[in-house]
Amino acid sequence: MRNIYLDHQSTTPVDPVVVEAMRPWFTDHFGNPESEHCFGWEARDAVARAVEQVAALVGSEAGQVILTASATESIQLALVGLAERAGQGHFVTTNIEHPAVLRTLERLQERGFELSVVGVGQDGRVDPSDIAAALRDDTLACSVMAANNEIGTLQPLQEIAVLCHERGVLLHSDAVQVVGHMPVDMQSSGVDLLSLSAHKFYGPKGIGALVLRRQRPRVRLNPQLLGGGQQGGLRSGTIPVPLAVGMGEAASLAIQLMQGEEARLAGLRDLLLAGIREGLDLVRVNGSLEHRLAHNLSVVFTGVESSAILRELPWLGASVASACSARMQETSHVLTAIGLQPEDVHATLRFGLGRTTTREQIDVVIKALIETVQRFREQSPARGRGES
Ligand SMILES: *Cc1c(COP(=O)(O)O)cnc(C)c1O
């Protein structure tokens with residue numbers, strides 16, 4: 001059995017086209033973009049082009065992009081950078097954010113900043129009026145993810161942006177799961193600070209970006225990495241040219257492929273769900289199906305431990321929760337936030353489809369899931385009927 005990867009919310013393979021674009025920048029063209037000689041100049045040009053490609057992917061301009069080592073660092077720079085610049089104040093976020101946002105804001109809370117955490121509905125979406133109600137005169141920023149990494153639900157960012165701006169509050173968005181997968185436009189969405197990561201859209205691991213909105217007044221941040229003053233002093237450290245080139249190439253590829261892929265993956269995702277539902281009763285989808293990433297499905301197989309399913313199917317790269325909470329053996333804060341009982345959290349599997357996913361793979365996965373879940377339910381029929 002060939003392994004089947006359905007965990008594209010966790011990471012994606014680097015597209016072979018991206019690898020080829022990166023290759024010469026390791027060896028032939030290895031210069032430091034800060035150097036004032038021909039080796040430096042060609043590296044600087046390559047980075048400039050990559051930054052333009054990334055800006056184009058999110059409807060921004062090259063001058064607004066700060067390269068970071070990851071989305072995690074981008075989120076730190078945005079939130080801690082704003083906080084330190086202001087000295088004091090209040091933040092608003094939701095209870096289904098990625099730990100990179102939640103842990104960072106909790107750390108700021110320990111440092112004297114205030115924090116309001118807004119809950120989401122059972123469909124996994126935040127009500128913009130709940131955000132509006134949490135805003136205060138001293139609110140510095142609101143941080144709301146564009147799409148959730150566990151259940152794929154999309155947040156009403158545009159409405160939230162309007163409400164934030166009415167109160168003079170900046171909107172930061174962890175857009176890691178949408179960038180490269182759905183159209184993102186920083187101008188029309190109203191997002192002021194946006195975090196993205198290359199390895200979530202077929203680029204290399206180890207590089208991400210914080211993109212600032214074009215419009216005045218300029219967003220002001222305290223840098224978090226001090227040193228050589230690269231990137232206008234906002235983020236010191238030598239830019240990893242091959243990774244930047246790779247992220248740029250991945251951005252250009254995404255612009256080309258996005259529309260077709262979104263439709264194709266929505267079709268495969270719907271087939272996967274229909275197949276599972278046809279073969280099994282007592283399955284439920286977590287989060288809104290309507291306001292959702294095309295390539296995400298999160299399913300409760302009532303009465304069955306999802307980790308046991310994965311042990312039975314070691315060739316299947318699906319996930320019991322997010323990669324992070326699985327490793328830390330935490331229960332999913334996202335599934336808990338949308339009202340799941342612990343037994344349903346442990347019965348949940350997340351499927352993340354992607355560029356390499358085929359119809360044949362989906363058929364194989366449906367068949368295997370049905371057989372495995374049916375067998376488990378026969379072994380413990382009471383739990384299988386959800387009577388535990
Ligand atoms: C993966 C992920 C991150 C972290 O990105 P890194 O680049 O790996 O640090 C943050 N937020 C969301 C929603 C993610 O899916």
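Since this is a predicted model, take the numbers as computed values, not measurements.
No side-chain heavy atom of Asp363 sits less than 4.5 Å from a side-chain heavy atom of Thr358. Between Asn286 and Leu340, the closest side-chain pair of non-hydrogen atoms falls below 4.5 Å. The shortest distance between side-chain heavy atoms of Val169 and Arg136 does not fall below 4.5 Å. Side-chain atoms of Asp138 and His90, non-hydrogen and from C-beta on, do get closer than 4.5 Å to each other.
The neighbour count for Gln122 CD, taken as heavy atoms of other residues, nucleotides or ligands under 6.0 Å away, does not exceed 12. Surrounding CZ of Arg359 are at most 12 heavy atoms belonging to other residues, nucleotides or ligands under 6.0 Å away. Atom CZ of Phe39 sits in a sparse spot, with 12 or fewer heavy atoms from other residues, nucleotides or ligands closer than 6.0 Å. Around atom CG of Asp137, no more than 12 heavy atoms belonging to other residues, nucleotides or ligands sit under 6.0 Å away. More than 12 heavy atoms of other residues, nucleotides or ligands shown are found within 6.0 angstrom of CZ on Arg167. Environment of CD in Glu34: crowded, with over 12 heavy atoms of neighbouring residues, nucleotides or ligands closer than 6.0 Å.
Distance check, rounded to the nearest 0.5 Å: NE2 of His172 to CG of Leu212 gives 9.5 Å. Remark: Arg213 CZ to Met186 CE distance equals 7.5 Å, nearest 0.5 Å. Taken to the nearest 0.5 Å, the NE2 atom of His333 stands 11.5 Å off from the CD1 atom of Ile338. Annotation: the span from Arg377 atom CZ to Leu282 atom CG amounts to 5.0 Å, rounded to 0.5 Å. Note that OG1 of Thr12 is 10.5 Å distant from CD of Gln9, once rounded to the nearest 0.5 Å. Taking CG of Leu369 as the reference point, atom CG of Leu316 lies at 6.5 Å (rounded to 0.5 Å).
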Test log, rule side chain to side chain contact (heavy atoms under 4.5 Å, CB included), inputs Ile309 and Val373: CA-CA 7 Å; Ile309 299 177; Val373 171; 3.8 Å; yes
With salt bridge (charged side-chain N to carboxylate O under 4.0 Å, His left out) as the test, would you mind laying out the steps for Arg23 and Asp28 before giving the verdict? CA-CA 9 Å; Arg23 200 184 297 279; Asp28 299 346; over 6 Å; no
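There is a side-chain donor-acceptor pair under 3.5 Å between His165 and Asp192. Remark: the Ser35 side chain and the Asn32 side chain contain no N/O donor-acceptor pair separated by less than 3.5 Å. A donor-acceptor contact under 3.5 angstrom links the side chains of Glu150 and Ser332, judged on distance only. Using modelled atom types, one finds no donor on one side chain facing an acceptor on the other under 3.5 Å when comparing Glu305 with His346. In this structure, a donor-acceptor pair under 3.5 Å is absent between the side chains of His291 and Thr153.
Not one N or O on the side chain of Arg103 forms a donor-acceptor pair closer than 3.5 Å with the backbone of Pro99.
The salt bridge (charged side-chain N to carboxylate O under 4.0 Å, His left out) search around Arg44 returns Glu36, not counting sequence neighbours. Applying the ring-ring contact (aromatic ring centres under 6.0 Å, His included) rule to His199 yields no partners; only residues at least two apart in sequence or on another chain are considered.
Of all heavy-atom pairs between Ser298 and Ile151, the closest is OG-CG2, 3.9 Å. Residue Leu194 comes nearest to Leu196 through the heavy atom pair CD2-CD2, 3.9 Å, listed as atom of the first residue, atom of the second, then distance. In this structure, Gly119 and Val126 approach most closely via the heavy-atom pair O-CG2, 3.8 Å. The two atoms that bring Gln155 and Met145 nearest to each other are CG-O, 3.2 Å, heavy atoms only. Gly190 and Ala161 get closest at one heavy-atom pair: O-CB, 3.7 Å.
Pairs of residues two or more places apart, or lying in two chains, that qualify as side chain to side chain donor-acceptor pair (under 3.5 Å) and include a residue from residues 73-85 are Glu73-Arg235, Ser74-Ser195, Gln76-Thr104, Glu84-Arg111, Glu84-Gln224.
The hydrophobic cluster around Phe113 extends to Ile75, Leu79, Val80, Phe91, Val101, Leu105, Leu108, Leu115, Val117, Leu140, counting ILVMFWY residues whose side-chain heavy atoms fall within less than 4.5 Å of a member.
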Enumerate donor-acceptor pairs with a distance under 3.5 Å from any side-chain N or O in residues 237-257 to protein atoms, sequence neighbours excluded.
| residue | atom | partner | partner atom | Å |
| --- | --- | --- | --- | --- |
| Ser252 | OG | Gln53 | NE2 | 2.9 |

Side-chain polar contacts of residues 259-272 - donor-acceptor pairs under 3.5 angstrom, sequence neighbours left out - could you list them?
| residue | atom | partner | partner atom | Å |
| --- | --- | --- | --- | --- |
| Glu261 | OE1 | Arg264 | NH2 | 3.2 |
| Glu261 | OE2 | Arg264 | NE | 2.8 |
| Arg264 | NH1 | Thr357 | O | 2.8 |
| Arg264 | NH2 | Gly354 | O | 3.2 |
| Arg264 | NH2 | Arg355 | O | 3.3 |
| Arg264 | NH2 | Thr357 | O | 3.3 |
| Arg269 | NH1 | Leu293 | O | 2.9 |
| Arg269 | NH1 | Ala294 | O | 3.4 |
| Arg269 | NH1 | Asn296 | O | 3.1 |

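Here the two rings, on His295 and His8, have centers that are 6.0 Å apart or farther.
Residue Val285 is grouped with residue Val283 when hydrophobic side chains (ILVMFWY) are merged at heavy-atom distances under 4.5 angstrom, including chains of intermediate members.
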